[in-house]
Amino acid sequence: MSDITRSQDFTREEVGLALRNHGMHLEGLRYPVTPIGMHYLLIHFDIPFVDPTTYELPVEGSVRSPLRLTLDEIKARPAVTAQVMMECSGNGRASLHPRAISAPWQDEAVGCAEWTGTPLGPILEEAGMLDEAVEIVFTGHDRGVDDGVEHYYERSLSVEEALREEMLLAYGMNGQPLPPQHGAPLRLIVPDWYGMASVKWLKRIIVLNEPFDGIQQTAKYQYKSSKEDPGTPITHKTPHALMIPPGVPDYLSRTRHLKPGRVSIQGRAWSGRSPIERVEFSSDGGLTWEDASLGEQAGRYGWAGWSCEWEAREPGEYELCVRATDAAGNTQPLAPEESWNYGGYQNNTVQRVCVIVE
Ligand SMILES: Nc1nc2c(c(=O)[nH]1)N[C@H]1C(S)=C(S)[C@@H](COP(=O)(O)O)O[C@H]1N2
Ligand SMILES: [Mo]
């Protein structure tokens with residue numbers, strides 16, 4: 001099977017991936033903290049069974065004093081709880097044409113959980129990274145084959161990035177023990193990057209004295225213009241707003257049905273590099289825009305609620321859109337063509353919701 005398709009039909013493989021990796025129901029945007037069962041999932045291989053009672057996390061490589069930490073030892077360290085909005089870098093892939101064959105997300109690969117864990121930095125400091133250290137590799141317990149290569153899911157961060165105080169080793173989600181599908185018993189949380197950096201089911205942490213060249217680092221998660229282009233790494237979340245689709249849905253098409261009158265539209269917005277500054281709403285497919293009112297962002301890495309009132313006076317068909325802009329001036333493209341790239345990553349094209357006012 002080729003890794004890209006011009007067909008508008010989804011392949012059996014994509015349907016299989018979509019069944020294993022569900023998205024957040026967009027009506028779940030109503031909850032400031034996404035209930036665990038509604039949070040999107042992305043699991044490349046199989047969910048590994050990791051026994052928490054015998055669990056140990058080695059921290060080794062270019063360090064003075066290698067560590068082996070049990071789960072109890074990790075939980076005994078200073079604990080932090082923070083809301084972190086997570087988005088898969090493949091979100092929106094299904095709207096790109098031609099399309100990379102991978103998880104066929106539309107808009108729903110999102111969620112905002114309350115993660116509890118201990119900061120990573122002090123653990124690395126305790127292990128004593130040597131001057132030669134350049135990157136830290138986080139390896140998962142899950143193993144499989146991609147691009148013909150068998151490997152553990154693993155990703156790296158630069159030393160500077162890994163030492164930022166926001167980096168968490170999380171064992172709790174929404175006040176409960178981390179569930180198996182979200183990385184039990186321990187996962188990394190990299191709060192401002194796309195989800196791929198937040199390695200689940202941590203097996204070991206290795207400090208390297210050279211850049212990491214694993215397949216999930218250098219072959220996948222690259223913004224490429226073609227298969228041959230080496231690409232540039234995908235890192236931070238880009239600005240993105242989503243609305244709760246108003247009215248009631250048609251079962252198959254998901255087109256929304258509404259009675260004429262005033263409609264309250266609400267949703268949430270986020271960005272990785274800087275806070276969200278503006279959210280705009282359009283009821284004419286993006287021709288004209290009005291400012292929505294923007295609420296407080298839930299901490300530095302949570303999402304912000306927004307709302308606006310729409311006067312749906314005339315019966316007819318409408319295309320509702322929403323667009324976020326962050327404090328650095330980054331905003332969302334209107335057309336998916338502007339976001340196209342070979343792997344189908346980082347597509348933050350505006351959401352479009354079709355509505356029939358009866
Ligand atoms: N070990 C491991 N970590 C992983 C993955 C994985 O397949 N294996 N998927 C990554 C990707 S691509 C995303 S988007 C997030 C999804 O986290 P969630 O399933 O808890 O929402 O986990 C990341 N961490
Ligand atoms: Mo992802």
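Just follow the structure's listing: the first ligand is 1, and inside any ligand the first atom is 1. Fair warning: this is a prediction, and the values are worked out from it, not measured in the lab.
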> With sequence neighbours left out, which residue pairs that include part of residues 74-84 fulfil the salt bridge (charged side-chain N to carboxylate O under 4.0 Å, His left out) condition?
Replying inline: R77-E126
> Are R68 and E73 close enough for a salt bridge, meaning some N to O gap below 4.0 Å?
Replying inline: no
> With a 3.5 Å cut-off and no angle check, do the side chains of D72 and T70 form a donor-acceptor pair?
Replying inline: no
>> Looking at R278 and D291, is there a salt bridge between them, counting it only when a charged N and a carboxylate O are closer than 4.0 Å?
In response: yes
> Is it the case that more than 12 heavy atoms not belonging to E311 sit under 6.0 Å from its CD atom?
Replying inline: yes
>> Let me check something: do M86 and V80 share a hydrophobic cluster, defined by ILVMFWY side-chain heavy atoms less than 4.5 Å apart, either directly or through other members?
In response: yes
Could you check ligand 1 for N or O atoms lying under 3.5 Å from protein N or O atoms and list the pairs with distances?
unit_1	atom_1	unit_2	atom_2	d
ligand 1	1 (N)	D142	OD1	2.8
ligand 1	1 (N)	D142	OD2	3.3
ligand 1	1 (N)	K200	O	3.0
ligand 1	3 (N)	K200	N	2.8
ligand 1	7 (O)	H44	N	2.9
ligand 1	7 (O)	H44	ND1	2.7
ligand 1	8 (N)	D142	OD2	2.6
ligand 1	9 (N)	L42	O	3.2
ligand 1	17 (O)	R187	NH2	3.2
ligand 1	19 (O)	L42	N	3.0
ligand 1	19 (O)	K200	NZ	2.5
ligand 1	20 (O)	H182	ND1	2.6
ligand 1	20 (O)	R187	NH1	2.7
ligand 1	21 (O)	H39	ND1	3.4
ligand 1	21 (O)	Y40	O	2.8
ligand 1	24 (N)	S198	O	3.0

